[in-house]
Amino acid sequence: MVLIDGKATANQIKNEIAEEVKAIQSKGERAPHLAAVLVGNDGASLTYVGSKVRSCEKVGFDSSLIRLPEETTEAELLTKIKELNQDDTLDGYIVQLPLPKHIDEEKVLLAIDPKKDVDGFHPSNFGRMALELETFIPATPFGIMQLIERYDIDTQGKHVVVIGRSHIVGRPISILMSQKGAYGNATVTVAHSRTKDLKSLTQQADIIVSALGVPGFVTADMVKKGVVIIDVGITRVEDASKEKGYYITGDVDFDSVAQKASFITPVPGGVGPMTIAMLLKNTLLARKWNA
Ligand code: BQF
C-alpha cells in the first residue's frame, strides 16, 4: 500500500511556484497577487482563508484578505466584487464559501470576472473545463489530478466511482477523469444519494473518489483488493481532548480500507493541502494569462 502524501506533494508544488515567482521578480515584474473575500466569522472558513494567506506568503505572492461582516448584504458584496474585478493590481481572487444564507452564491459567482476566477467556479470557466479549453480548474479536483499524475496512478480504461455530485468536487472530477489524456480515459460512474446498490458499484471500482462528508462511510467490505482511494471528505468532529477542540476526518474508514488499497490518501494530509497548492497554481496561471 502506498500512502499518498498530499502535504509533501503540496509543499513540492509550492516550492516550484516559489521558483517561478523569483523568476518573475528577477525580470523586474511584480509578484502574483491573490485576494480572498471572507464574509462572516465561520470557524472553518477562517481556518481555510488563513492557510491560503499564509501559503501566499510562503511562495512570495502578495495577498489581501478582505473581511466583511456577517450582516453584509448581497448588494454590498456585489459592489465589492465589481471593485475587485477592476483592480489591476490583483491577478485573481476568491470568495470563500459557504456564504451566509441571505446571500445568493450563484449570483455572486456569476459576478466574478472569469479571468480572475482562480477558484474556477464561474459557469464560463466550468464550461471551458468541460470542453477541454484552457481555464482555471477548481482547486480540489485539480489537486486530485496532480496527485494521480505525480504518483503515476494508471487511469486508462479504469472504472472510477465518484461518490458525490457537488459542483466543486464530484461533478468536475468526474469530467476530468473521463477526458482524454495520460491521466484520464477512465470510465466514470457518479454515485449520489439516489444511487441504488452503491456497494455493488464500489466493489467493482478500480478507483474511488469519495466527496460526501460522512465519516466512516466507505468501509472495507465495499472495496476490492488493490483499489485506489481518494478521500475528499472533511468533517470536523468535536473532541475536547484535542488542542483545537476538534479533529478532522474523512469519508473512509482508513484503517480497514488501507489494508486492501494499493494507494490511499489520508485525512488530514491528503487532498486538503493540495487544494491550497492548486489555488496558488491557478493564481500563477492568472498572472501569465492576463499579462
Ligand atoms: C488537510 C473546504 C469544505 C467547504 C469549504 C488541508 C484544507 C483542508 C484540509 C483546506 C476546504 C477544504 C477548503 C487539510 C480549503 C480544503 O490537511 O487535510 C487544507 O484548507 N481546504 C476551503 O477553502 O473551503 C472549503 C471544504
Side-chain angles (χ1 to χ4, degrees), residues 3-14 17 34-59 61 63-67 92-101 103 105-106 108-109 112 117-121 136-147 163-173 209-217 229-237 239 242-244 246-252 254 258 264-283:
L3 183 66
I4 296 179
D5 191 339
K7 196 168 170 106
T9 308
N11 281 331
Q12 196 182 321
I13 291 169
K14 286 186 205 171
I17 293 170
L34 173 70
V37 181
L38 174 61
V39 184
N41 311 298
D42 176 71
S45 294
L46 269 163
T47 305
Y48 296 147
V49 164
S51 61
K52 289 170 190 179
V53 168
R54 261 183 288 114
S55 296
C56 281
E57 286 163 10
K58 194 181 165 201
V59 300
F61 283 9
S63 67
S64 305
L65 174 55
I66 298 141
R67 289 200 62 179
Y93 70 93
I94 64 154
V95 177
Q96 182 64 42
L97 301 182
L99 287 167
K101 283 177 197 59
I103 298 176
E105 249 168 44
E106 196 179 299
V108 171
L109 296 181
I112 298 174
D117 172 37
V118 287
D119 260 342
F121 295 162
F136 303 113
I137 293 167
T140 302
F142 197 4
I144 295 169
M145 293 308 287
Q146 280 292 311
L147 287 175
I163 306 175
R165 53 181 160 184
S166 74
H167 296 168
I168 291 172
V169 184
R171 188 67 49 74
I173 196 66
V209 179
S210 188
L212 195 63
V214 178
F217 184 83
I229 299 284
I230 309 290
D231 189 350
V232 197
I234 296 183
T235 305
R236 278 189 176 202
V237 181
D239 183 343
K242 301 284 178 204
E243 203 176 316
K244 293 180 176 168
Y246 65 88
Y247 64 91
I248 73 166
T249 187
D251 289 346
V252 176
F254 185 89
I264 187 166
T265 63
V267 178
V271 175
M274 291 297 290
T275 298
I276 309 257
M278 300 327 285
L279 172 64
L280 301 177
K281 180 76 186 179
N282 277 340
T283 306

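Just so you know, ligand 1 is whichever comes first in the structure, and atom 1 is the first atom listed for that ligand.
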K.L.:
Any atoms of ligand 1 less than 4.0 Å from a non-hydrogen atom of Leu97? List them with their elements.
P.N.:
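Listed by number with element, the hits are 5 (C).
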K.L.:
Between Gly269 and ligand 1, is there a nitrogen or oxygen pair with a distance under 3.5 Å?
P.N.:
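Checking ligand 1 against Gly269, an N or O pair does fall under 3.5 Å apart.
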K.L.:
Any donor-acceptor pair under 3.5 Å linking the side chain of Asp251 with the backbone of Pro215?
P.N.:
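A pair under 3.5 Å: no.
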K.L.:
Quick check on contacts: which atoms of ligand 1 are under 4.0 angstrom from a heavy atom of Ser51?
P.N.:
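In order of numbering, the contacting atoms are 20 (O).
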K.L.:
What atoms of ligand 1 come within less than 4.0 Å of a heavy atom belonging to Pro273?
P.N.:
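Under 4.0 Å from Pro273, ligand 1 has these atoms: 1 (C), 6 (C), 14 (C), 17 (O), 18 (O), 19 (C).
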K.L.:
Tell me: protein heavy atom nearest atom 20 (O) of ligand 1, and distance?
P.N.:
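Ranking protein heavy atoms by distance from atom 20 (O) of ligand 1, first comes Tyr48 CD2, 3.0 Å.
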K.L.:
Using side-chain heavy atoms (C-beta onward) and a distance below 4.5 Å, is Leu97 in contact with Ile168?
P.N.:
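They are in side-chain contact.
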K.L.:
Using a strict 4.0 Å cut-off to heavy atoms of Pro268, name the atoms of ligand 1 that fall inside it.
P.N.:
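By the 4.0 Å cutoff, the relevant atoms are 1 (C), 17 (O), 18 (O).
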K.L.:
Out of Ile234, Thr235, Ile94, who gets a non-hydrogen atom closest to atom 16 (C) of ligand 1?
P.N.:
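Residue with the shortest heavy-atom distance to the ligand atom: Ile234.
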K.L.:
Tell me, do Ile248 and Thr235 make a side-chain contact under 4.5 Å, heavy atoms counted?
P.N.:
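With C-beta onward as the side chain, the pair stays apart.
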K.L.:
Given side chains that start at C-beta, do those of Ile264 and Leu3 come closer than 4.5 Å, heavy atoms only?
P.N.:
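With C-beta onward as the side chain, the pair touches.
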K.L.:
Does any N or O of ligand 1 fall below 3.5 Å from an N or O anywhere on Gln96, backbone included?
P.N.:
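Yes.
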K.L.:
Which residue supplies the protein heavy atom nearest to atom 14 (C) of ligand 1, what is that atom called, and how far is it?
P.N.:
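Its nearest protein heavy-atom neighbour is Gly272 CA, 3.6 Å.
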K.L.:
Give yes or no for whether the N/O distance cutoff of 3.5 Å, strictly under, is met between Lys52 and ligand 1.
P.N.:
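Between Lys52 and ligand 1 (N or O atoms, distance only) the closest approach is under 3.5 Å.
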K.L.:
Do Tyr48 and Val53 touch side chain to side chain, with heavy atoms closer than 4.5 Å?
P.N.:
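Not in contact.
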K.L.:
Which bit of Ile276 is near ligand 1, meaning a heavy atom under 4.0 Å away: side chain, backbone, both or neither?
P.N.:
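The part of Ile276 near ligand 1 is the side chain, not the backbone.
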K.L.:
To the nearest 0.5 Å, what is the distance between CG (Asp231) and CZ (Phe254)?
P.N.:
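Answer for the CG-CZ pair, Asp231 versus Phe254, is 9.0 Å.
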K.L.:
If we only consider heavy atoms of Val267, is any one of them less than 4.0 Å away from an atom in ligand 1?
P.N.:
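No, that is not the case, since the closest heavy atom of the residue is not under 4.0 Å from the ligand.
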K.L.:
Report the C-alpha separation of Thr140 and Thr275 in whole Å, then their side-chain angles, then the decisive distance to 0.1 Å, and conclude whether the side chain to side chain donor-acceptor pair (under 3.5 Å) test is met.
P.N.:
CA-CA 5 Å; Thr140 302; Thr275 298; 3.1 Å; yes
K.L.:
After noting the C-alpha distance and the side-chain angles of Gln146 and Lys281, does the key distance pass the side chain to side chain donor-acceptor pair (under 3.5 Å) rule?
P.N.:
CA-CA 11 Å; Gln146 280 292 311; Lys281 180 76 186 179; over 6 Å; no
